[in-house]
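Here's the structure, in structure tokens; my notes come after.
Not measured: the values here are computed from a predicted model. As the structure lists them, so they are numbered: ligands from 1, and atoms in each ligand from 1.
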Amino acid sequence: MHHFDYRGGELYCEDVSVRELATAHGTPLYIYSTATLRRHFRVLSEAFAEQNCLIAYAMKANSNMAVLTTLANMGSGADVVSGGEMRRAITAGIPANKIVFSGVGKTAIEIRDALQAGIHQFNVESEPELKRISALAEEMGKTAPIAFRINPHVEAGGHANISTGGAEHKFGIAWHEAKAMYERAQKMPGISVVGVDVHIGSQITDLTPMRLAFTKVVGLVRELRDMGVPISRIDLGGGLGIPYKSGETPASPAEYAEMVRDVVGDLDVQLILEPGRMIAGNAGIFVSRVEYIKERDEREFAILDAAMNDLMRPALYQAVHELLPVTRAEDRQSRTYDIVGPVCESTDRFAKGYSVQELRETDLVAFMSAGAYGAVMSNQYNTRPLCAEVLVNGDQAELVRRAPTFDEMIANERVPEWLKS
Ligand code: LLP
């Protein structure tokens with residue numbers, strides 16, 4: 001469910017015309033809907049209302065400060081994977097005790113900052129990392145609450161590149177080493193063992209692999225408790241898929257919650273969830289303008305002013321984002337295009353053989369479901385500025401990130417003196 005709809009043939013985000021936003025702020029442009037963000041957060045919180053549950057929004061999906069503040073105001077926590085994300089979360093008003101820190105390569109500086117801030121939990125992914133956290137915590141006179149991210153050896157996810165739970169992936173502690181690791185961790189200074197963490201992949205639309213992984217985790221928690229390891233939290237990671245095309249029906253948050261309840265049973269634990277895409281994905285669109293229609297070798301290319309650097313998912317994961325005309329024209333038939341950008345790479349293609357209302361130069365088009373892993377993954381390849389972002393709330397709209405100027409883009413670069421004479 002989202003709040004992007006046609007009114008009289010014009011696409012709207014809540015009560016604001018997408019065309020007006022594109023005219024005011026230029027394209028390419030990311031547009032986010034507050035009502036959709038709030039709705040997604042609320043649906044998930046309500047599904048888990050009866051559990052002791054922390055929703056730690058996986059801000060890697062969309063870490064714009066306005067998006068974060070919207071969620072912080074609703075009581076969201078954050079799953080962070082870098083010192084930069086932690087800084088954003090705290091600046092957005094997310095209390096440190098609602099922050100969990102994930103990721104395979106936490107640096108000493110990041111660990112110190114997190115200990116200083118007093119975060120809720122470190123999700124530890126290896127023994128060397130545990131040792132580093134222990135040493136730093138001891139040095140600072142702090143105690144680090146830790147969970148091990150266990151690799152349950154369950155494959156899942158919408159694409160091979162976003163699956164993380166298999167033996168060949170870099171993520172987590174091997175299943176068969178988990179218990180020994182917990183025993184060692186318990187004896188280490190500066191460490192307080194609190195939880196078990198798992199995250200098997202992203203854009204998971206069928207709950208079966210999650211059920212399998214979570215069942216293994218619950219079994220492990222019981223065994224650990226029998227060994228005297230006081231596990232009080234289970235972090236189930238993120239991964240719940242969203243509909244990218246109309247008609248797709250991935251498992252709903254309610255079905256997910258039901259499955260979790262069934263698997264966790266009466267185990268007395270705090271649940272931690274790290275949803276990213278489920279919160280932000282369908283709360284954003286990416287708007288672009290058609291520059292040219294090019295016909296060649298019996299193909300038609302719609303060349304946009306947006307490119308792979310702005311929205312990387314199609315190039316990286318062959319993801320297809322539904323493309324809608326911002327203005328519907330009754331008198332135009334559907335035609336088939338290769339939808340491409342101006343970047344000099346063959347991978348700069350959003351879709352191949354895509355059928356959409358006939359497109360003409362200067363038309364505006366909207367890529368749907370672009371709120372997660374869109375703007376955050378963009379880059380400045382070809383010296384293309386990062387896109388502006390707008391947040392809509394009812395009939396209000398505000399630029400929440402402006403595009404940098406070319407001068408700003410090159411301001412941090414230096415030409416050495418020896419090149420100047
Ligand atoms: N927790 C951890 C430890 C993660 O690694 C991730 C995502 C999440 C939570 C959030 O997962 P979500 O609920 O969003 O599925 N760029 C890719 C997705 C990469 C996901 C990385 N980890 C894409 O555009 O599909």
Could you tell me whether ligand 1 has any atom less than 4.0 Å away from a heavy atom of [X]?
X      : value
Pro275 : yes
Met312 : no
Lys60  : yes

Numbering the atoms of ligand 1 from 1, which are under 4.0 Å from a heavy atom of [X]?
X      : answer
Glu274 : 1 (N), 2 (C), 3 (C), 8 (C), 9 (C), 10 (C), 13 (O)
Ala58  : 8 (C), 9 (C), 10 (C)
Arg277 : 12 (P), 13 (O), 14 (O), 18 (C), 23 (C), 25 (O)
Gly276 : 12 (P), 13 (O), 14 (O)
Met377 : 16 (N)

- Message: Show the nearest heavy-atom pair for residues Leu29 and Leu21, with the distance to one decimal.
- Response: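 In terms of heavy atoms, the two residues are closest at CD2-O, 3.7 Å.
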- Message: Looking at every non-hydrogen atom in both residues, tell me the closest pair between Arg225 and Ser232 and how far apart they are.
- Response: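 Of all heavy-atom pairs spanning Arg225 and Ser232, the closest is NH2-CA, 4.2 Å.
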- Message: Taking side chain to side chain contact (heavy atoms under 4.5 Å, CB included) as the definition, give me every residue that meets it alongside Ala89, ordered by chain and number, with sequence neighbours left out.
- Response: Met59, Ala78, Val80, Ile94, Ile99
- Item | side chain to side chain contact (heavy atoms under 4.5 Å, CB included) partners of Glu408, counting only residues at least two apart | Arg402, Pro404, Thr405
- Query: Purely on distance, is any nitrogen or oxygen of Gly239 under 3.5 Å from one on ligand 1?
  - Reply: yes
- Does Tyr317 reach ligand 1 with a nitrogen or oxygen that is under 3.5 Å from one of the ligand's nitrogen or oxygen atoms?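 Tyr317 vs ligand 1: N/O contact under 3.5 Å present.
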- Message: Test of understanding: given a 4.0 Å heavy-atom threshold, classify the contact between Asn123 and ligand 1 as side chain, backbone, both, or neither.
- Response: neither
- Take atom CD of Gln380 as the centre, draw a 6.0 Å sphere, and report whether it contains more than 12 heavy atoms from other residues, nucleotides or ligands.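 For Gln380, atom CD is crowded (more than 12 foreign heavy atoms under 6.0 Å).
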- Separation of Asn64 CG from Arg88 CZ (nearest 0.5 Å):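 So the gap between those two atoms works out to 7.0 Å.
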